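The next block holds one structure in the form of structure tokens; read it before the comments.
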Amino acid sequence: LDKTGSMNEANSASRSKMDDQYSTVYNMSKAILSDKEADKEADNKVGIINFSDKSHTDIMNGSNGDSAKIKSSSTDSKGNETYTFNIDKDYMLTNNLDNIEKYLSNTETEGNTHYDVGMNATNSVLQKIKSNDRKTAVIFISDGAPTVGHEGVEAAKFVRTQNPDVPIYTILEFVADTDTANKCKS
């Protein structure tokens, strides 16, 4: 989720874009966690990464809804950054809607829109939580074109290469830059 400063801007209904985004994510999470019809034994879970730039990116601690910051980062031979978070992999996901609500409501907007950081953080988490028993999908939500770094396209391609069975869906709200929007679709 994009948690950059522009998310404080009001939309046409005089609510902040952040309020709209969090309402959407909360309702999506609620639907995911309550969808038991497809598989009555399913234990659906949700993980949330809030991104802006590297110093402000964090992941939800599923055990209590708190925020866990990036602990360290490294760069591979192809220039892709990987991150370690201050959280055990067992707590990167949750099925507790109250913890999701706490995390979303306590997030503060800050920093610049840096798609690469969001995608690289997503890849780092996917590498930790990979499971053949669970379907996984990424939903990338932002309000605009990146203001720092690249367009995120190379980072998204890297995520797909590392996780070929994980679809990446993009929700770009208020994006006036059609070139960026079209690149994200691919």
Side-chain angles (χ1 to χ4, degrees), residues 1-3 21 24-26 28-54 56-100 102-104 107 114-142 149-172 183-186:
L1 302 178
D2 182 340
K3 70 169 198 166
Q21 177 175 272
T24 299
V25 172
Y26 178 82
M28 284 173 42
S29 298
K30 188 175 181 180
I32 290 167
L33 296 178
S34 65
D35 183 14
K36 302 286 185 191
E37 289 182 33
D39 183 0
K40 298 210 184 296
E41 300 299 315
D43 180 25
N44 296 334
K45 294 187 178 185
V46 172
I48 301 172
I49 299 170
N50 278 323
F51 77 93
S52 59
D53 47 55
K54 189 162 63 171
H56 298 112
T57 296
D58 57 71
I59 184 172
M60 174 186 60
N61 182 333
S63 68
N64 58 20
D66 288 343
S67 172
K69 297 285 186 189
I70 293 174
K71 183 169 105 178
S72 64
S73 65
S74 59
T75 305
D76 70 13
S77 61
K78 294 184 179 183
N80 297 297
E81 278 196 282
T82 58
Y83 304 117
T84 303
F85 290 92
N86 286 323
I87 186 174
D88 184 87
K89 74 178 186 123
D90 294 334
Y91 301 110
M92 291 182 168
L93 302 174
T94 188
N95 59 4
N96 185 317
L97 199 55
D98 291 337
N99 289 346
I100 293 170
K102 177 184 175 185
Y103 179 71
L104 292 173
T107 298
H114 199 317
Y115 284 4
D116 293 345
V117 172
M119 280 291 148
N120 288 331
T122 298
N123 186 62
S124 296
V125 170
L126 288 172
Q127 296 306 305
K128 298 273 188 213
I129 65 166
K130 269 189 179 176
S131 169
N132 294 330
D133 302 336
R134 185 178 301 278
K135 290 183 180 178
T136 304
V138 172
I139 303 170
F140 184 85
I141 303 175
S142 178
H150 303 95
E151 296 150 340
V153 174
E154 291 305 314
K157 286 179 183 176
F158 178 70
V159 172
R160 283 188 190 223
T161 302
Q162 298 294 304
N163 310 279
D165 297 331
V166 177
I168 301 172
Y169 303 100
T170 56
I171 299 175
L172 300 173
K183 287 178 183 176
C184 288
K185 287 178 187 176
S186 65

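Given the structure is predicted, the values throughout are model-derived calculations rather than measurements.
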What residues, two or more places apart in sequence or in another chain, satisfy side chain to side chain contact (heavy atoms under 4.5 Å, CB included) together with S63?
N61, Y91
As an exercise, state the distance from CE of M60 to CD1 of I100, rounded to the nearest 0.5 Å.
5.0 Å
Listed pairs under 3.5 Å, donor-acceptor, residues 65-72 side chains, sequence neighbours left out:
| unit_1 | atom_1 | unit_2 | atom_2 | d |
| --- | --- | --- | --- | --- |
| D66 | OD1 | K102 | NZ | 2.9 |
| D66 | OD2 | N64 | ND2 | 3.2 |
| S67 | OG | D58 | OD1 | 3.4 |

Let me confirm one number: the OG1-CG distance from T94 to N44, rounded to the nearest 0.5 Å.
12.0 Å
Atom pair OG1 (T107) and NZ (K3), whose distance is rounded to the nearest 0.5 Å
6.0 Å
Please name the residue in the list V46, I32, L33 that meets the side chain to side chain contact (heavy atoms under 4.5 Å, CB included) test with L97.
L33
From I87 CD1 over to I59 CD1, what is the distance, rounded to the nearest 0.5 angstrom?
5.5 Å
Students often mix this up, so state it plainly: with edges at 30° and 60°, are the rings of F51 and Y115 parallel, tilted or perpendicular?
perpendicular
Specify the closest pair of heavy atoms between T57 and A121, including all atoms of both residues, with the distance to one decimal.
CG2-CB, 4.2 Å
Sequence neighbours excluded, which residues qualify as side chain to side chain contact (heavy atoms under 4.5 Å, CB included) partners of N163?
N123, L126, Q127, K130, V159, V166
Find the distance between CE (M119) and CZ (F140) and round it off to the nearest 0.5 Å.
4.5 Å
What's the separation between atom NZ in K128 and atom OG1 in T84, rounded to the nearest 0.5 Å?
5.5 Å
Does atom NZ of K45 have more than 12 heavy-atom neighbours, drawn from other residues, nucleotides or ligands, at distances under 6.0 Å?
yes
